[in-house]
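Note: hydrogens, waters and symmetry copies are ignored here, and every other heavy atom, side chains too, is used.
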Amino acid sequence: MPAYPFSRMPSCLQQLGNASGPAPLKTVADLRNYLATVPDPRARRGIRHPWTALLTAAAAAVLAGAASITAIGEWVADAPQRVLALLGFRPDPLTGLIRPPHATTIRLVLAAADGDALDRAIGHFLQEGKAPASGRKIIAVDGKTLRGSRTAKQPAVALIAAMTHSGQVLAQRQIDAKSNEIPAFAPLLDSIDLTSAVITADALSKPSASRDEPGQTSIMQ
């Protein structure tokens, strides 16, 4: 999957912005464990900041209310030393101080990150942080277009997402521009515990076919 355009905040980070209130530092520390699964595409030479720390800093900024790439960079630049240490940044061996990454570094990291891997990591974090509800789980799968993603040279970014009926996003994937929702359906559900779950999904159609009236199908595990 192509990297997220550097000028737009990844949609998976926007999920974190739906939190009802400020997240405690322990939550940020837990999130770092999930983001450690996102592969680092950088060459080994010239690396100044740990990859996971950079991703966690961006996520923490969104949890704190940042709603844009610029706001993320500003939050990281102003973060106290103890917060930078918790995020995973290393102190300078001579001064003992942690130098925060530049906003441009955060922007380039988000552009280079594997979007699907980042989606999975944050999706798993949100699933684990949600207290299990009693009874059968109801999960809805639907496609959506990312608002503001269309440009003169690129079509709008299409996503397929699985969410609870209360609106909590459990997982999502970007749909290849030359494909449709159908090939992404099964891989999307692979990352979710479907035990005792009912899944509803809109009727899917190929781009070359005429779109039918909206319908739903249910799958019970």
Which residues share a side chain to side chain contact (heavy atoms under 4.5 Å, CB included) with [X], sequence neighbours left out:
| X | result |
| --- | --- |
| Glu74 | Thr70 |
| Pro41 | Trp51, Ala112 |
| Ile47 | Asp40, Arg42 |
| Asp190 | none |

| Hey, what do you get for CG (Leu86) to CZ (Arg32), rounding to the nearest 0.5 Å? |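 Those atoms lie 6.0 Å apart.
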| field | Under 3.5 Å: donor-acceptor pair, side chain of Arg120, backbone of Thr37 | value |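 Not at all, since once roles are kept as given, no pair shorter than 3.5 Å links the two residues.
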Any side-chain heavy atom of [X] within less than 4.5 Å of one from [Y]?
| X | Y | value |
| --- | --- | --- |
| Val198 | Ile139 | no |
| Asp119 | Asp114 | no |
| Val76 | Thr105 | no |

Distance-only check: which donor-acceptor pairs under 3.5 Å involve side-chain atoms of residues 96-103, not counting sequence neighbours?
{"from": "His102", "atom 1": "ND1", "to": "Thr104", "atom 2": "N", "distance (Å)": "2.9"}
{"from": "His102", "atom 1": "ND1", "to": "Thr104", "atom 2": "OG1", "distance (Å)": "3.2"}

Closest heavy-atom pair and its distance - [X], [Y]:
| X | Y | value |
| --- | --- | --- |
| Ala113 | Leu118 | CB-CD2, 4.4 Å |
| Ala64 | Trp75 | CB-NE1, 3.4 Å |
| Ile72 | Ala58 | CG2-CA, 3.7 Å |
| Leu87 | Thr56 | CD2-CG2, 3.7 Å |
| Phe89 | Ala53 | CZ-O, 3.5 Å |
| Arg90 | Arg48 | NH2-O, 3.7 Å |

| said: Test side chain to side chain contact (heavy atoms under 4.5 Å, CB included) on Thr52 and Asn33; report intermediate values, then the result. | reply: CA-CA 9 Å; Thr52 302; Asn33 296 329; over 6 Å; no
| task | Would you sort out whether Ile106 and Ile69 count as a side chain to side chain contact (heavy atoms under 4.5 Å, CB included), showing the intermediate values? | result | CA-CA 8 Å; Ile106 298 291; Ile69 294 291; 5.7 Å; no
| request: Evaluate the side chain to side chain contact (heavy atoms under 4.5 Å, CB included) criterion for residues Leu63 and Leu31: first the C-alpha distance (whole Å), next the side-chain angles of each, then the deciding distance (0.1 Å), finally the verdict. | output: CA-CA 11 Å; Leu63 285 169; Leu31 177 57; 4.2 Å; yes
